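The figures that follow rest on heavy atoms only: side chains count, while hydrogens, waters and symmetry mates do not. Naming convention: chains lettered A, B, ... in sequence-line order (proteins, then strands); numbering from 1 in each chain. Note that the structure is predicted; figures quoted are calculated from it, not measured.
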Amino acid sequence: MVQAINRALRTAMAADPEVLLLGEDIGVNGGVFRATEGLLKEFGSERVIDTPLSETGIIGTAIGMALYGLKPVAEIQFLDFIYPGFDQIVSELAKFRYRSGGQYPCHVVIRSPYGGGIKGGLYHSQSTEVYFTHTAGLKVVVPSTPADAQGLLLSAIFDPDPVMFLEPKRIYRAVTGEVPEGDHRVPIGKARNVREGHDVSVFAYGAMIPPATDACQSLEAEGISAELIDLRTLSPLDTSAVLGSVEKTGRAVVVHEAARFCGYGAEIAAVLAEKAFYSLKAPVARVTGFDTPFPYALENLYLPNAARIREAIVATVKAA
Amino acid sequence: MVQAINRALRTAMAADPEVLLLGEDIGVNGGVFRATEGLLKEFGSERVIDTPLSETGIIGTAIGMALYGLKPVAEIQFLDFIYPGFDQIVSELAKFRYRSGGQYPCHVVIRSPYGGGIKGGLYHSQSTEVYFTHTAGLKVVVPSTPADAQGLLLSAIFDPDPVMFLEPKRIYRAVTGEVPEGDHRVPIGKARNVREGHDVSVFAYGAMIPPATDACQSLEAEGISAELIDLRTLSPLDTSAVLGSVEKTGRAVVVHEAARFCGYGAEIAAVLAEKAFYSLKAPVARVTGFDTPFPYALENLYLPNAARIREAIVATVKAA
Amino acid sequence: MPLLVSGPVATSTLATEIAPEDLPSIYRAMVVARALDERCLTMQRQGRIGFYVPVMGQEAAQVACAWALEAKDWIFPAYRELGLALVRGVTPEELLDQFFGNAADRLKGRQMPNHYGYRDRNFVSPSSPIGTQITQAVGAAMAARRRNDPIVTIPFFGDGATSSNDFHAGLNFAGVFRTPTIFFCQNNGWAISLPRSRQTAAKTLAEKGAAYGVPGVVVDGNDVHQVFRTVRGARARAIAGDGPTLIEAQVYRLGPHSTSDDPRRYRTDAELAEWKQRDPIGRLKHELVDAGQWSEERDSQLLEEVRADIAGAVQRSESVGAADPLSFLDDVYATRSPALEEQRQQLEGWIQTGLVKL
Amino acid sequence: MPLLVSGPVATSTLATEIAPEDLPSIYRAMVVARALDERCLTMQRQGRIGFYVPVMGQEAAQVACAWALEAKDWIFPAYRELGLALVRGVTPEELLDQFFGNAADRLKGRQMPNHYGYRDRNFVSPSSPIGTQITQAVGAAMAARRRNDPIVTIPFFGDGATSSNDFHAGLNFAGVFRTPTIFFCQNNGWAISLPRSRQTAAKTLAEKGAAYGVPGVVVDGNDVHQVFRTVRGARARAIAGDGPTLIEAQVYRLGPHSTSDDPRRYRTDAELAEWKQRDPIGRLKHELVDAGQWSEERDSQLLEEVRADIAGAVQRSESVGAADPLSFLDDVYATRSPALEEQRQQLEGWIQTGLVKL
Ligand SMILES: Cc1ncc(C[n+]2csc(CCOP(=O)(O)OP(=O)(O)O)c2C)c(N)n1
Ligand SMILES: Cc1ncc(C[n+]2csc(CCOP(=O)(O)OP(=O)(O)O)c2C)c(N)n1
Ligand SMILES: [Mg+2]
Ligand SMILES: [Mg+2]
C-alpha cells in the first residue's frame, strides 16, 4: 500500500505544479515509512519540504498555502503526534470556508499513518479518527487496499475540502494488490462492498478489513452469508450503503480497533437504531479495541482479530 | 451556578492547602465569568495563578504540579480555546497513570465554560465533549444545577483521576437553586433522575436540561409520561441508569447541543441498540445540534429547544 | 533606534517616508476608526449589536502600517484591526453589516462582530483563538514565493499572542525558510487583565526574534512616521529575499478589551490617564496643525462629517434583514453532504411549522 | 565561555568541580551505557526486543549532568536517557525488564522500550511526543517551591524539541515565575534526518533563552567537567531563588536515531568519522590514563566485567514471563470503571477459550 501512496503523490505532483508536500523527515529520508521516497529528487526541495519539528507549524503553514491557492499535502509522522497541531485542524482548517462565508476554501490534505499492529505502544498505535469525524468541515478517509489508497489519495488532493487521510500503517506492506496506472480516482463518500451476503452486514475499514474478510469467509462453510462493507470514507458517511445493507440483512456488526466508548462504531449503531430500527432483527454488535490507552507488549490482546469478529457475527446471526 | 462553582473552589482551597488554581485572567479579574472572584484576595497569588496566554503552558504545568502531589484546578477560558493544550490532555494527562504502571497518578481538574446560547459564534460556543469522552483515562463531568456544580466540582478536586469539568455557560446565571453548605459532594459516575416517567426515557445533560424539562412537563397534559435522566457524568457513563430506564419505558430520546455525527448521543444509542435491543419499542431519537460549525446570528436555529425535544418525544412515543 | 537590526539595503523603490500630502488621509482614517468605535460601543450598550472590540489607541500603528503596504500584500488580522480594514477600503457600512450579522454580511452572519474578512482586499478571515494566523501567514508567504508573486504577508497580533504556539512555530518556520513575512505585534500593554510584564520575562517582545534568527525592532506605535518607515524597510527586505522581520509596535489599549470587559478591575486610572495624553489621534492632529496642514475648524468639520456618514451607514445596515435562516447549513463543504442536505430539509420544516425561531 | 550569562553568586555549598576520585565511577557509568547500547542493538536485530533507542555519543553529557544533581532533584527524561538512569541507580536488569515488557517491568509491559520511569528515583515516566515533559517540569518546580522543597526539576530534550510548543510555553512560564528549573538540551546535531541548521535559524539553541528572560549557556557536552560545573552553577542559582537556566550541551548522536532508522540516508560518513574521534568515552579514558588513574589493562577488565554483568542481566530478564494478560486493563483510572470491569471479564473469557492470543 505504501508504494501506491507514493505513486499517487508522484502522479499528483507531476500533473499539477501547485501540489507540494511538507512534513518531518519526508525529504532526503523519504519519510519514516518511505511514503515520499524519491520525491525530493524528482521535484526538488521547494515542493518536498522538510520542516522543523512542529506539527503546529506544519499544519498552520499548510493552511496558509491552501488559502493562497496551492494544494499542500502535509505528512504527520504518526497520528499520535498530530495533537500539537490539533488547534489548527479543528479551529482553522475545518472552519475556514464556513467562517469566511465561503470566501476562503482550505484544501489541505493531511496524511498520517495510524493504528496498531506494529508494536508501537501508546504513542505509535492510536486510532483517534473520531476526533476528526466529529469535526464538521473535515472529510475523513481510510483506505484498506493499495488501489483505494492510490485512488482515494488522488481524489483527496484534488478535492475542494480539507481531507484527513489516515493510513493504516499495519497494512502498509502486508496488503498488496493490483493498482491501476495513472490518475485513476476513487470517489470520496462511497463505501465499497467487499463481499455480498444476506444474513448479516459487517462494517469495517482500514486494517480491520483483512481480519473481517477472514471471519466472513470462514463462516461461509457454516452456512452464514456475511456481507462486508468497507466504509472507506468515514466522513461524510455513505449512509445509504449502510442502511441499504442492513435493510437487506437485518443484522449488523461494526468493527474498529479504536476504543469502544464514543468510538466510530457508535455512530453506525446509532444510525441503525434510528433509521433501520424496523429492519433490525438482532442487537447491533460492536467489535472494538478496549477503553484503555494502547498497550505495548499485549497489543495482540487489544486488537480485534478474525476470531473475535467471527464470534460476534455468529452471535448476531443466532440472536432470536 | 457560577456562585456555586466559586463556593466549591473556596471550600476546597480552605480545606486543603495543596489545592491551587491557574489560568488566564482568573486572579485580579476573577475570571471572565467571575468564577474565581475574590479567591486571589483570600488565598494569594501563589494559589491563584494568573498565567501567560498559553493553554499548553497551563495544562502542562498543572500536570507537573499534580505529578508532584498538588491538586491543581486549571481554568480554560472557553472550551473553544483548549486545543493548544490538547496534546497535554490526550497524550499526557489521560495516560500518565497508565503508562507509568500506576506510579504517577495525575489528578488535574480542568474547568472550562462550554456550549452555546450566549451569541458567541464559532469560537465561544462549541460543545466538543466527545473529544474527551472518547479519550480513555479522563473523567468528564457536566453539571446542570448549582447544587450539582458545587458537589461534583468538590468530588472532582478530590478525585484521584483527571477530570474535565465542563460548565454550561449558558446557564451560569440562568439556572438558580439551593446549594448545601460546606463540603457536600455529589458522586462522579452517577446519573440523576430529574423526573420519573414510564412512556419514554429522555437523556440529556448540561444546558439541555431546562428545555428537556419543559418539554417533558408540557407533555404531561397530553398524557405522555416522560422520564428525564440528567447524565451528569459523561465518562464513565452510568450505564445501568441508562439501561434501567429504557428497560422500563422501551423508548429513548437523547438530547445534546453538540453536532450529531459521532456526537455523544451516538454512544447512548449504541449502548441501547446493543444491550436494550429487546426492550426497545421504537427507534432511538437524537435531538442535537447540526453538523456544522456553530453559527453566530442564527444560533437559536442551531440549538435544540423545548419544541424540538417535545416533537421527538411525541414521535418516539407514537412510533408503532 | 535602528530601523532594522540587520539585512542588506532595500531594493524596493517605494518611498521610505510618508508623503506629506498623505498625512490628512491617514489622519482621517484614524478619526473614522475612533468614531466608529464610539458608535459601536454605544450600540452594544443599547443591545443593538451583540459584542464589540474597540481599537481605540492603536489607530496610528494600524493605519500607518497598512499605508506602508501594497494592496496586494496579504493581511492576516486578529479581531482588533479596524484601522487596517479602513485603509484597505472596507466601508463602515460593510463593517456594520458584519457586526449586525445581517443578510448583507459577507460572512453570512456566522461570526461574532469584528471577525470580518474580505478576500478581494487580501484581508484574511480571522478566528478567535489567539495566534493561529501567524503560521498561516508564513505558509501564505511560502506559497507567494513559489508563485513568484512579489508580495509580503503580514500577521497582526498582540503582546499576549507572543506566548502562543503559533508565534513560536511561525517565527521559527519563517526564519528557517526566510519567508517574506512581516510579523506585526501590537504590544498594547495588556492581554485582557495580564500586563505585558507578566506575559513574559523578556525585556522586549522584539528581541524574541533572535531566538529564530529573525531581526526584531521596537517602534513607537503612536508615531505614524516611525511605523511607516519601519514597515517599508521590512517590506523591502522581504521582497529582496532577505527574510522576515518582527516589529513590536508599542501602543496602549485605551478602551476595554471588549464590551465584555471592565478594565477598572485590573488597571489604574493613572496609567490610563498617562496614555490618554499620548493619544495617537491628538498627536497627529497637533503635528498637522503645526505644519499648517490642519485646523481646529477643519477638525470639527471632519468629525461632524464622519459621524454623519457613520449614522447613515448604521441606518442602512440596521434596516437590512436577517441572514437567510437556512444559510448556516452552507459552506461546511464545497457541496452539501447527504447528511447536511437532510438536516436542511428538516430545518426548513421546523421553520415552517414554527418549531424553531430566530 | 562564561559559566552563566547572568545571576548572582551561588549560595549552594555543593562543590563546583567533580571530585577526582569520582571520575572512575563516572567513566564506568559511561562504559556501562555503551555496552548496554551495543547489546540491545544486537538483540533488536535478533528480534529479541522490539525496538531500541541508543544513547551512544551522549554519555558524557548525561552522566556528568546527573552526577551534578542531587538524588532528590526531579528528572523529566525523554527516551534517550540511559546515562541518567544509570546514575540514578537503575540497574541494567530493571532496564531490560522494561525493554522486554515482561512481568517484572514496572510499567507492566505497556510502553515501548526506552520509555522507562521510576518514581522512587525521581525519574518521571516519559511519553513519545516530543517536548511535553518541558512544561511538566516547570509545573513540578512550582509545586516544589510551594512545598518549600529545596530541589530543582530538570527536563531533558533534544535540539528538535526546541521547536515544540512545550519548549516555548515551558521556558516562558519558567521565566515569568522564576522557577527552579534547569532546561538541559542535548543538541546532538540531528532530529532524525533534520540537521540542527535546518531546525532553526538561531545561531545557538542556548540563545533562545533570552526570548524568555532565561539565561542560556552553551557547553561542550563531551567534556564532563564543563557539564558538571555548569549544572552545579545552574542548580545553585535555582536553589537560591534566582530562576531557571537553559543549557545547550553540544554532542553528537553516534548511532541511528533508533533501530527503525538508517542514518546513512541523510548524513555523511565523514561527519560521523569526525565525531567518532571526539567520542566522549575515549576522551575521558585518555584523561584518566594521563592522570594515572586508569590503564588499558583495567579498561579491558572493566569492559569484560560489564559485559558479563549485562549478559547475566539479559539472561535473567529474558527468562521472566510475560506481563499478566489482563493487566493492560488496569491503571486507566484509580479504580476500574464498570465498563472496564465488563471488558475485563470478556477478555478473560476470550483468553480461556483461546479466542485471543499473545
Ligand atoms: C487560545 C486562546 N486562549 C485564550 C483566549 C481568550 N482571549 C481572548 S483575547 C485574549 C488576550 C489577547 O491579548 P493580546 O494578544 O495582547 O491581544 P489584545 O487583545 O491586547 O489586542 C485572551 C486571553 C483566546 N481567544 N484564544
Ligand atoms: C510531536 C512529535 N512529533 C514527531 C515525533 C517523531 N519524532 C520522534 S523523535 C524525533 C526527532 C527528535 O529530535 P531531537 O529533539 O533532536 O531528539 P533526539 O532524537 O535527537 O535525541 C521525531 C521527529 C514525535 N515523537 N513527537
Ligand atoms: Mg495586548
Ligand atoms: Mg537531536
Side-chain angles (χ1 to χ4, degrees), chain A residues 17-18 20 22 46-47 49-72 74 84-85 87-88 90-108 136-139 159-162 189 235-240 271, chain C residues 74 76 98 105-111 115-120 124-129 131-147 149 153 155 164-166 168-177 179 327-328 330-340 342:
Chain A
E18 306 233 309
L20 54 76
L22 70 168
E46 283 229 343
R47 293 183 66 195
I49 305 170
D50 267 326
T51 68
L53 205 168
S54 169
E55 289 72 17
T56 304
I58 293 168
I59 300 171
T61 54
I63 289 172
M65 291 173 184
L67 296 175
Y68 204 81
L70 303 189
K71 298 184 185 73
D87 189 33
Q88 283 287 347
V90 301
S91 304
E92 304 293 317
L93 183 58
K95 298 181 173 57
F96 237 115
R97 179 190 291 275
Y98 190 80
R99 80 179 190 220
S100 65
Q103 295 181 90
Y104 287 97
C106 200
H107 42 277
V108 173
L138 300 177
K139 292 179 175 172
D159 194 273
D161 294 309
S235 177
L237 170 64
D238 187 351
T239 314
S240 61
V271 165
Chain C
W74 275 43
F76 284 78
Q98 199 273 321
D105 171 20
R106 202 172 286 204
L107 310 185
K108 307 183 188 171
R110 297 207 184 115
Q111 288 235 59
H115 291 69
Y116 39 80
Y118 302 92
R119 182 153 202 146
D120 52 0
V124 178
S125 200
S127 63
S128 309
T132 50
Q133 71 278 25
I134 302 176
T135 47
Q136 293 164 10
V138 173
M142 290 167 83
R145 189 170 50 195
R146 164 124 195 92
R147 285 203 182 152
D149 292 343
T153 67
S164 72
N165 297 339
D166 286 280
H168 187 55
L171 271 101
N172 196 41
F173 275 53
V176 167
F177 298 114
T179 64
S327 68
F328 83 85
D330 293 335
D331 299 322
V332 181
Y333 301 100
T335 51
R336 239 172 266 138
S337 66
L340 282 166
E342 187 190 315

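- Here C/A140 is the residue among C/S337, C/A140, C/A339 with the most heavy-atom pairs under 4.5 Å with chain A.
- Top candidate by heavy-atom pairs under 4.5 Å with chain C, chosen from A/A94, A/A66, A/G101, A/P160, is A/G101.
- Remark: side-chain polar atoms of C/Y333 are not paired, donor with acceptor, to backbone N or O of A/P162 under 3.5 angstrom.
- Taking 4.0 Å as the cut-off between side-chain N and carboxylate O, C/R147 and A/E18 count as a salt-bridged pair.
- Between the side chains of A/Q103 and C/S125, no donor-acceptor pair is found at a separation under 3.5 Å.
- Between A/Y68 and C/W74, the angle of the ring planes lies from 30° to 60°, which puts this pair in the tilted group.
- The candidate with the highest count of non-hydrogen atom pairs below 4.5 Å against chain A, out of C/H115, C/R146, C/R145, is C/R146.
- Top candidate by heavy-atom pairs under 4.5 Å with chain A, chosen from C/A144, C/S327, C/G170, C/G117, is C/A144.
- Interface summary for chain C: among A/H107, A/R99, A/R97, the most heavy-atom pairs under 4.5 angstrom belong to A/R99.
- Here the CG-CG distance, from A/L53 to C/N172, works out to 10.0 Å after rounding to the nearest 0.5 Å.
- Residue A/T239 does not touch chain C at all, counting heavy-atom pairs closer than 4.5 Å.
- Listed options C/V176, C/N165, C/D166 were ranked by heavy-atom pairs under 4.5 angstrom with chain A; first place goes to C/D166.
- Neither the backbone nor the side chain of C/Q98 comes within contact range of chain A, judged by heavy atoms closer than 4.5 Å.
- Between chain C and the residues A/L70, A/T51, A/I63, A/L237, the most heavy-atom pairs under 4.5 angstrom are made by A/L70.
- Heavy atoms of A/A62 lying under 4.5 Å from chain C are absent altogether.
- For the residue pair C/Q136 and A/Q88, a side-chain donor N or O sits within less than 3.5 Å of a side-chain acceptor on the partner.
- Judged purely by atom type and a 3.5 angstrom limit, A/D161 uses its side chain to pair as donor or acceptor with the backbone of C/A334.
- At a 4.5 Å heavy-atom cutoff, C/D105 makes no contact with chain A through either its backbone or its side chain.
- Only the side chain of A/L20 comes within contact range of chain C, judged by heavy atoms closer than 4.5 Å.
- Ranked by non-hydrogen atom pairs under 4.5 Å with chain A, the options C/R106, C/Q111, C/R119, C/M142 are led by C/R119.
- Residue A/S240: no heavy atom, backbone or side chain, is found under 4.5 Å from chain C.
- Neither the backbone nor the side chain of A/K95 comes within contact range of chain C; no heavy atom of the residue lies under 4.5 Å from a heavy atom of that chain.
- Note that CG of A/L22 and CZ of C/F173 are 7.5 Å apart. Values are rounded to the nearest 0.5 Å.
- The side-chain heavy atoms of A/D87 and C/P129, taken from C-beta on, include a pair separated by under 4.5 Å.
- When heavy atoms are compared at a cutoff of 4.5 Å, A/I58 approaches chain C by way of both its backbone and its side chain.
- With a threshold of 4.5 angstrom between heavy atoms, C/F177 approaches chain A through side-chain atoms but not through N, CA, C or O.
- Within the 4.5 angstrom heavy-atom criterion, atoms from both the backbone and the side chain of A/P17 approach chain C.
- Heavy-atom pairs under 4.5 Å with chain C peak, among A/P105, A/G69, A/P72, A/S235, at A/G69.
- Annotation: maximal heavy-atom pairing with chain C below 4.5 Å, among A/D238, A/I59, A/D159, A/L138, occurs at A/L138.
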